[in-house]
Amino acid sequence: MLNLIFIIMIFMFIFGCIVFVSFYKHLLCTLLSLEFLVLVLFMLLLFYLHFMNYESYFSMFFLTFCVCEGVLGLSLLVSMVRSYGNDYFQSFSILQC
């Protein structure tokens, strides 16, 4: 049963990577797929820590860094939408002021 859950999580991670690569034009889609990958990694971490009988304090540190990553991505998204009007990477250029 544990092997089946582990295989399902690996497939979820692979599908998350596929979505991340295929929806690269929108910043919002890439941020959502990154958050999905983070959640899958968190579940894998919890199963690993539970299986090895470790304490799960490390998972709290992982969640803290994941929240910081999500807030940073959201602030970049809001900044980009306010500056350029959309979240397309095609309209975003470093050369424009």
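Just so it is clear, the values below take in all heavy atoms, side chains as well, and ignore hydrogens, waters and symmetry mates. Just so you know, residue 1 is the first one in the sequence shown, and it goes up from there.
The environment of Phe62 atom CZ is dense: over 12 non-hydrogen atoms of other residues, nucleotides or ligands sit within 6.0 angstrom.
Contact of the Phe23 side chain with the Leu32 side chain is not registered, since no non-hydrogen atoms from C-beta on lie closer than 4.5 Å. Between Glu69 and Val38 there is a side-chain heavy-atom pair separated by less than 4.5 Å. Looking at heavy atoms from C-beta onward, Phe36 lies in side-chain contact with Val40 at the 4.5 angstrom threshold. With a 4.5 Å cut-off on side-chain heavy atoms, Leu49 and Leu45 count as touching. Residues Leu44 and Tyr48 fail the side-chain proximity criterion, which asks for heavy atoms closer than 4.5 Å. Inter-residue side-chain proximity for Leu74 and Leu31 is flagged as unmet; no heavy-atom pair is nearer than 4.5 Å.
To the nearest 0.5 Å, the span separating CZ on Phe13 from CZ on Phe20 amounts to 10.5 Å. Separating the CE atom in Met9 from the CG atom in Leu4 is a distance of 10.0 Å, to the nearest 0.5 Å. Atom-to-atom distance recorded for Phe47:CZ and Met43:CE is 7.5 Å, nearest 0.5 angstrom.
In terms of hydrophobic clustering, with Ile, Leu, Val, Met, Phe, Trp and Tyr side chains grouped at heavy-atom distances under 4.5 Å, Val78 and Leu76 are assigned to different clusters. Grouping the Ile, Leu, Val, Met, Phe, Trp and Tyr side chains by contacts below 4.5 angstrom, directly or via other members, places Phe65 apart from Leu39. Cluster membership check: Leu41 shares its hydrophobic cluster with Phe51, using side-chain heavy-atom separations under 4.5 Å among Ile, Leu, Val, Met, Phe, Trp and Tyr. Taking hydrophobic clusters as Ile, Leu, Val, Met, Phe, Trp and Tyr residues chained together by side-chain heavy-atom distances below 4.5 Å, Val19 does not share a cluster with Val21. Under the 4.5 Å side-chain heavy-atom criterion for ILVMFWY residues, no single connected hydrophobic cluster contains both Met80 and Leu72.
Looking at every heavy atom in both residues, Leu37 comes nearest to Cys17 through CD2-N, 3.7 Å.
Looking at Ser33, its side chain does come within 3.5 Å of a backbone N or O of Thr30 through a donor-acceptor pair. Distance alone, capped at 3.5 Å, places no donor-acceptor pair between the Ser79 side chain and the Ser75 backbone.
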The test is side-chain contact (heavy atoms from CB on, under 4.5 Å); show your working for Cys66 and Phe42 and say whether it passes.
CA-CA 9 Å; Cys66 294; Phe42 178 68; over 6 Å; no
